S.K.: 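Supplied in C-alpha cells, the structure appears directly below.
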Amino acid sequence: MSSLYKIAILPGDAIGPEIMAQAVRVFGVIEAHRDLSFELTEAPFGAAAYFAEGKAFPERTKAICDAADAILKGPVGLSFEESQKIPLAEQPERGAILPLRARYNTFANFRPVCLSRGMAHFSPLKPTIIKDGIDILLIRELVGGLYFGKKERGTDTAGKRYVHELLEYTEDQVRQVLLVAFEQARQRKQRLHNIHKSNVLMSSVLWNEVLDEVHRDYQDVEVIPLLVDAAATALCLNPGQFDVMVMENMFGDILSDQCGGILGSLGLMPSACVGPEKAYYEPSHGSAPDIAGKNIANPYAMIGSVAMMLEMSFAMNKEAKLVWDAMQGVFADGYSTPDLAASSDAMQVVSTEEFGDRVITRLDAALAEASA
Ligand code: IPM
Ligand code: MG
C-alpha cells in the first residue's frame, strides 16, 4: 500500500491564495513520480475566515488541522485600515496565528536564511560582504516571551493609561528550544550563536543559565554569545560568520525580518514551526495586501515552505532538495518576480504563476530523471 500524507491547506489572506496555488502544485508533481499520495484539505483561516464565518480560526479549520499530518499556511492579515473592521481578538495575528502556534505548541521556529552564490545579486549587501553566499539557520522560540505573556491595560488613579506586557519564560520552555538549536548546530558546523540581552533583561539571564546547562551535553558545539543589538549589526557586516543562531520570540521576529532584507526580499524566507507532535509551515513574510491579486508576488518562500515540510515532516529529503534546486534553476535561467528584479538588469521579470510554471517544469524533469 502506498503512503498517504494528509495536509491541511490554509491559503490565508491577500497574496496568500495566489502563492499557495503555486506551492500546492509541488505535491501533484511528486505524486506523479512516486508511489505515494497527498490528501490536501483546504480550510479558511485569517481575515478571510473571519469575514466568511465570524472566526479567524474556525472550529472546522481546527478539526482539519488536528486530523492532518502537517499544515501548510499562507500569510494572513490585511492593511491597517481593513484590520480595524475586525474586533481586536479576531484580527488574524491574535485570532489565528497565535492560537495556531499555541494549539500545536510549535515552540521551535526554523527560519533558514539562504542565499546561494547564484542568488548573491539579490542582496543589497556588497559582493565583498556576501562572498560565497549566506547559509544561516535562525531558530526562534515561538510560543513564549512577550507574545504569550500576561497583558493588561488600564488607567491609573491620575487617569493616565498604562499597559503591562510580560516577557515570560519557564526554564523548561527555554530548554526545549535550546535542545533543538544544539542538535541543529551539532549536525551542521558545531557553532551556535546565542543571541541574548542579559545586560538588561532578566529573561536573558535565565536563558543563558539554562544554555550553559544544556551545553554540558554538547561539548562538541562552540557557543558564541552575542547581544541582540550587536547581532543586528554583525548580520549586515559579516553574515558569513553565522551558522545556527538561537533566540527568544521577539528577538527572532525582528532579526528574521532583517535577514529577509539581507537576502534582498522577505519573499525568500520560508519557515517551519515545529511542535512535539506536529509542525506547520509558512512563509515568514506578511500577506502584502498592496500587491494582492496582481499575480506579481514571489512564491519562493511559500514553495520553500513545502520543501521544508517534505524534509522535516515526511523525511523526503531528496524530493525537498529537488524543489530547492528547481527554484535555484529558475533564478539561474535569469527569471525572477518583480520584488527581486531591481537587483540586476539582466533578470527577466515573470509573474507569480509563470515562476510557478518554471519551477514545476524543472521539478518534473528532475523527478523523472531521478526515478529513471
Ligand atoms: C512572523 C510574523 C508574525 C509574528 C505576526 C504575523 C504575528 O511577523 O511570523 O514573523 O510576529 O510572529
Ligand atoms: Mg515577523
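All ligand and atom numbering here is 1-based and tracks the order in the structure. Computed from a prediction, not measured in an experiment: that's the story for all the values here.
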S.K.: Under a 4.0 Å N-O cut-off, is there an ion pair linking Asp156 with Arg161?
M.R.: no
S.K.: Any N/O/S of Asp253 under 2.8 Å from the Mg ion (ligand 2)?
M.R.: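 True for Asp253.
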S.K.: Measure the spacing between OG1 of Thr61 and CG of Leu100 and express it to the nearest 0.5 Å.
M.R.: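 Result: 10.0 Å between the selected atoms.
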S.K.: Salt bridge between Lys318 and Glu311, side-chain N to carboxylate O under 4.0 Å?
M.R.: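 Salt bridge flag = no for Glu311 with Lys318.
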S.K.: Select the closest option to atom 10 (O) of ligand 1 among Asp257, Ile254, Leu142, Asp253, judged by heavy-atom distance.
M.R.: Asp253
S.K.: Is ligand 1 less than 4.0 angstrom away from at least one heavy atom of His285?
M.R.: no
S.K.: May I ask you to establish whether Lys6 and Phe38 are in a cation-pi arrangement, using a distance under 6.0 Å from NZ or CZ to the six-membered ring centre and at most 45° from the ring axis?
M.R.: no
S.K.: Should you measure from each heavy atom of Glu93, which atoms of ligand 1 turn up under 4.0 Å away?
M.R.: 6 (C), 7 (C)
S.K.: Nearest to atom 6 (C) of ligand 1, what protein heavy atom do you find, and at what distance?
M.R.: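 Of the protein heavy atoms, Ile97 CD1, 3.6 Å lies nearest.
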S.K.: Is it true that Asp132 and Arg117 make a salt bridge, defined as a side-chain N closer than 4.0 Å to a carboxylate O?
M.R.: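 Yes, this pair counts.
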S.K.: What I want to know is whether Arg101 and ligand 1 share at least one N or O pair that is separated by under 3.5 angstrom.
M.R.: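 N/O-N/O distance below 3.5 Å exists for this pair.
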S.K.: Going by the ring-ring contact (aromatic ring centres under 6.0 Å, His included) test, name the single residue among Phe122, Phe331, Tyr335 that passes it with Tyr300.
M.R.: Phe331
S.K.: When you measure from the heavy atoms of Arg140 to every atom of ligand 1, does any distance fall below 4.0 Å?
M.R.: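 For ligand 1, residue contact (heavy atoms, under 4.0 Å) with Arg140 is present.
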S.K.: Which residue owns the protein heavy atom closest to atom 9 (O) of ligand 1, what's the atom, and how far is it?
M.R.: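 For atom 9 (O) of ligand 1, the nearest protein heavy atom comes out as Arg111 NH2, 2.7 Å.
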S.K.: Less than 4.0 angstrom from a charged side-chain N to a carboxylate O is my criterion; do Glu59 and Lys55 meet it?
M.R.: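 No.
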S.K.: Atom 4 (C) of ligand 1: which protein heavy atom is closest, and how many Å away?
M.R.: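 Sorting protein heavy atoms by distance from atom 4 (C) of ligand 1 puts Tyr147 OH, 3.4 Å first.
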